[in-house]
Peer 1: 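Can you read through this structure? Questions will come right after.
Keep in mind it's a predicted model, so treat the numbers as computed, not measured.
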Amino acid sequence: MSVAKDFKLPKDVIFPPGDLESNEPPLETYLHLQQMLLLIKCLDWWWRDHNAYSKPRLGATRKSEILVK
């Protein structure tokens, strides 16, 4: 059973064509990837002394134990 197969398309719904041309540059270029990686590295460096996002210790049960490095 599939929800998509069971869905009845209303007669008054008009879908736009899917072959519209665009002069916009793609969002996911190599430059965009490099910019995102730079952002992540900068945030990692900025938060380097922050321990609230460290991995939880094995066997930690309380929130205070999980946040401790």
Side-chain angles (χ1 to χ4, degrees):
M1 183 171 126
S2 173
V3 175
K5 290 179 182 177
D6 298 337
F7 180 72
K8 303 269 192 237
L9 187 64
K11 301 277 186 205
D12 58 344
V13 175
I14 301 171
F15 290 100
D19 58 349
L20 298 176
E21 292 188 26
S22 173
N23 291 329
E24 298 295 322
L27 290 178
E28 297 170 355
T29 62
Y30 183 72
L31 176 61
H32 184 245
L33 171 65
Q34 294 300 313
Q35 291 169 336
M36 294 301 295
L37 291 173
L38 178 61
L39 173 64
I40 291 168
K41 286 183 179 276
C42 289
L43 290 173
D44 279 343
W45 180 82
W46 185 260
W47 293 331
R48 66 190 180 277
D49 296 328
H50 219 272
N51 63 359
Y53 305 107
S54 61
K55 293 179 183 176
R57 290 191 329 231
L58 191 61
T61 55
R62 292 182 296 193
K63 188 175 183 179
S64 61
E65 291 178 331
I66 292 172
L67 296 179
V68 174
K69 213 171 195 181

Peer 1: Between NE2 of H32 and CG of L37, what distance do you get to the nearest 0.5 Å?
Peer 2: 10.0 Å
Peer 1: If you measure from CG on L33 to CG on L38, what distance do you get to the nearest 0.5 Å?
Peer 2: 11.0 Å
Peer 1: Could you check if a side-chain atom of K41 sits within less than 4.5 angstrom of a side-chain atom of D44, using non-hydrogen atoms only?
Peer 2: no
Peer 1: Do the side chains of L39 and W46 join up, straight or via other hydrophobic residues, at under 4.5 Å, putting them in one cluster?
Peer 2: yes
Peer 1: Same hydrophobic cluster for W47 and W45, using side-chain heavy-atom links shorter than 4.5 Å among ILVMFWY?
Peer 2: yes
